[in-house]
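All remarks here apply to the structure that follows.
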Amino acid sequence: QYLLLCFSVKPVVTVKPDQRVFSGERVTLTCDIQRGGDIQRYSWIRDGYTVYTTTTAEFSFTADVSLTGRYRCRGERSDSRTDFSDAVTLTVSDLKQKPELTSDPAGAALTGNTVTLTCRMDPSTGNWDSYWYKHTLNPETEKKKTHSYSLKIDSVSDGGQYWCRAGRGKPVYYTQYSDALWVNVTESPKAVVTVRPDERVFRGETVTLRCDIKWGGDTEWTYRWEIEGTNNQYKNTVSRTSTQELNISSVDLSHRGKYSCTGQIHTQSSQRSDAVTLTVSAEAQASVRVSPQPWLTEGESVTLTCEVSGSSKGWTFSWFRDHDHLSDSSRGAGGSYTLSPAALQHTGVYTCRAERGRPAYYTHNSSSHTLWITGVSASVSLVINPSRSQHFSSDSLSLSCEDQSNSAGWTVRRYTDKDTQTCAKQTGSGCVMDSLSTSDTGVYWCESESGEKRHPRNITVHDGEVILESSVDPVIEGETLTLHCLHRSTNSPILSADFYKDGSLIQNQRTGEMSITTVSKSHEGFYYCKTERGQSLHSWISVRVSRSGQISVLKILSSLLAASPYLLATVVLLYKCYRERGKTS
């Protein structure tokens, strides 16, 4: 009774690798008997006929179409046997399988990305391992037993032909090779971030960051922005958006940081852009520079330059004189406002303001700068003794106003960094300073009782060892300009000195003296000298056209006109030449 109970268990047939196989594959059938005890042999039945008897539970053979059928098994002892198992159908196909090779994404691949290759078999044929081949079908090439192969595209050389085939069993049975798949690789474009109006902005401005990708195709990109903040709240934050432009309507300090972007086509990305640092400052302040000096005589030229500290891109400028807006904006283009020639009515207090962006963002107004333009008067002049523009500290200096008709009523006045004042030691129309100090540096002029100003001149006091001796008055065009490099201890020319104009070395003289025999307007500029004992301060040398030359031209024009009316056209042409010459001076 025990044996009958034990052998009443029904065997189960399993098939490896699958119930659907192909000619040439190795097939193993297993007769699994639970609690079977000592089975002496196994009988295998195909389609009702015993085809094989084994002493083990496994029955292996090479598949052939003729072996297709329904298989059952049972176990036997010397005196008993089990029931038959249920039948298992084995189907043998004579057609060798061929997998399908696909890529994701399809089409061209970009360097820096990953392409996934998939080797697809008919799922009804069971489980297979995949084998991969690159460039060649040589069996020594790389193999991976996975259905998907992730291909990291590091360079264009990673492109080329790829194949796959499937295999299973021991020994391995292989399918046919797939058709070759070409992976075309293109160098990935690099994104570029641009910022409007500038990478340095001010709180309250409107800022637009744009991600651009130079790409020959017509594929639509989407964009990903990355922001690395400069404070704890925004550190390493990431902002994703599908738009090409990132707009900040009113920027504040929290928007400071490094901005970068990448473009994306499906699952592929461009190269990431270089990071652009957005700097946000609290407020924008305009400032004014005056060149060469704010004190000049009518007919001379002066340029005022408006600047925004730490920022130079995208600004337009407005100028104001005595709080009135100056409408001649064409002269204010680029932040420069030039008066040439300067006239008496140009005297006033000048400020500027900058703006940029839409909507417009305005800076604070600059601090005020006063321009003093005085008239040319042959009768009144400021006499300086010693007659030079630079002086040593602790030396003495005398100044006086001389009027050919009447010297009374004129006073020496000065403007320093502090304020406008009358000379402290005034004697009539003169002024004496016994011991100069650097605080005496400034502009000095003659002023009448009615407030008329004449003959402004720059006086510079240096506490160093070397000064440049130059005339306090403008040099007349065509005359000789002579400069000396003086030392404090001797007040005489130093034997060897280098002379500079606008920062460039122009002469090296062993006599301590430099001369330009025929001065022209091109010689105008800032001059200084340097020796082994030290360096002088800078002095502006102004060049002016001769008034006698102007009068001579007018006399010639008058004579020609009186001599013959037919010379009128010639006179007009000569007069135009004269006017153009006067403008350039």
Side-chain angles (χ1 to χ4, degrees), residues 197-198 200 202 281 283-343 345-356 361-374 389-390 414-420 438-439 441-445 456-462 468 470 474 500-504 521-528 535-543:
D198 193 10
R200 176 167 184 179
F202 300 89
S281 300
E283 59 184 17
Q285 177 68 55
S287 61
V288 175
R289 288 188 296 108
V290 180
S291 179
Q293 56 194 11
W295 301 82
L296 60 156
T297 304
E298 59 178 335
E300 294 180 340
S301 298
V302 64
T303 297
L304 298 94
T305 302
C306 190
E307 298 171 320
V308 179
S309 178
S311 179
S312 59
K313 291 175 61 177
W315 297 101
T316 56
F317 301 88
S318 299
W319 289 91
F320 304 85
R321 180 171 63 234
D322 299 331
H323 303 293
D324 293 327
H325 181 254
L326 299 173
S327 60
D328 49 352
S329 58
S330 60
R331 289 198 292 179
S336 294
Y337 188 84
T338 299
L339 299 172
S340 180
Q345 66 266 26
H346 293 138
T347 296
V349 177
Y350 287 77
T351 56
C352 74
R353 184 183 68 191
E355 66 177 273
R356 69 179 178 188
Y361 171 84
Y362 296 95
T363 67
H364 292 288
N365 281 15
S366 69
S367 57
S368 60
H369 278 256
T370 302
L371 280 188
W372 291 84
I373 295 93
T374 60
S389 59
Q390 291 191 19
R414 71 175 185 176
Y415 178 85
T416 64
D417 288 339
K418 297 179 179 179
D419 53 14
T420 301
T438 55
S439 62
T441 294
V443 179
Y444 292 73
W445 68 95
R457 291 294 178 260
N458 277 303
I459 298 295
T460 304
V461 180
H462 188 28
L468 179 71
S470 61
Y500 294 80
K501 175 181 178 287
D502 297 329
S504 298
K521 197 69 177 175
S522 64
H523 293 116
E524 206 168 58
F526 284 101
Y527 288 77
Y528 67 95
Q535 176 180 310
S536 74
L537 299 176
H538 295 220
S539 282
W540 173 260
I541 303 298
S542 178
V543 178

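Along the sequence shown, the residues carry numbers beginning at 1.
When side chains are defined from C-beta on, Leu371 counts as touching Val302, because their heavy atoms get closer than 4.5 Å. Counting heavy atoms from C-beta outward, Val288 and Glu307 have side chains that stay 4.5 Å or more apart. You'll find the side chain of Arg289 stays beyond 4.5 Å of the side chain of Cys306, heavy atoms only. Put simply, the side chain of Arg356 does not reach to within 4.5 Å of the side chain of Tyr362, judged on heavy atoms. A 4.5 Å side-chain heavy-atom check between Ser311 and Phe202 finds at least one atom pair inside the cut-off.
Between Ser281 and Arg200, the side chains place a donor N or O and an acceptor N or O closer than 3.5 Å (distance only, hydrogens not considered). For the residue pair Ser287 / Ser366, no side-chain donor-acceptor distance below 3.5 Å is found, with atom types taken as modelled. There is a side-chain donor-acceptor pair under 3.5 Å between Thr338 and Thr303. Looking at Tyr444 and Arg414, their side chains do bring a donor and an acceptor atom within 3.5 Å of each other. Under 3.5 Å, the side chains of Arg321 and Thr351 contain no donor-acceptor pair of N or O atoms. Side-chain contact of His462 with Gln390: a donor-acceptor pair under 3.5 Å is absent, judged by distance alone.
Between atom NE2 of residue His346 and atom CG of residue Leu339 there is a gap of 5.0 Å, rounded to the nearest 0.5 Å. Once rounded to the nearest 0.5 Å, the distance linking OG1 of Thr441 with CG of Asn458 reads 9.5 Å. In this structure, NZ in Lys501 is found 8.5 Å from CD in Glu524, a value given to the nearest 0.5 Å. Separation of atoms OG1 (Thr460) and CH2 (Trp540) is listed at 14.0 Å; rounding is to 0.5 Å. Going from atom NE2 of His325 over to atom CH2 of Trp319 covers 11.5 Å, rounded to the nearest 0.5 Å.
In this structure, His369 has its ring center no closer than 6.0 Å to that of Tyr350.
In this structure, Thr363 contributes its side chain and Gln285 its backbone to no donor-acceptor pair below 3.5 Å. A donor-acceptor pair under 3.5 Å is absent between the side-chain atoms of Thr370 and the main chain of Val349, judged by distance alone. A donor-acceptor contact shorter than 3.5 Å is absent between the side chain of Asp502 and the backbone of Gly525.
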Pair Tyr337-Thr305, side chain to side chain contact (heavy atoms under 4.5 Å, CB included): steps then yes or no: CA-CA 6 Å; Tyr337 188 84; Thr305 302; over 6 Å; no

Full working for side chain to side chain contact (heavy atoms under 4.5 Å, CB included) between Ile541 and Ser470: CA-CA 8 Å; Ile541 303 298; Ser470 61; 3.8 Å; yes

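Using the six-membered ring where Trp is involved, Tyr500 and Tyr528 have ring planes that are parallel, under 30° apart on the 30 and 60° scheme.
When all heavy atoms of Asp198 and Lys313 are compared, the closest pair comes out as OD1-CD, 3.3 Å. Closest non-hydrogen pair, Trp445 versus Pro456, comes out as CB-CA, 3.7 Å. Nearest heavy-atom pair, Ala284 versus Tyr361, reported as atom, atom and distance to 0.1 Å: N-OH, 3.6 Å. Here the shortest heavy-atom pairing between Gly299 and Pro341 reads O-CB, 3.6 Å. The shortest heavy-atom contact between Val543 and His523 is CG2-C, 4.4 Å. What you find for Ser536 and Leu468 is that their closest heavy atoms are CB-N, 3.5 Å.
Ser301 pairs with exactly one of Ser542, Ser291, Ser340 by the side chain to side chain donor-acceptor pair (under 3.5 Å) rule, that one being Ser340.
With sequence neighbours excluded, no residue forms a ring-ring contact (aromatic ring centres under 6.0 Å, His included) with Tyr527.
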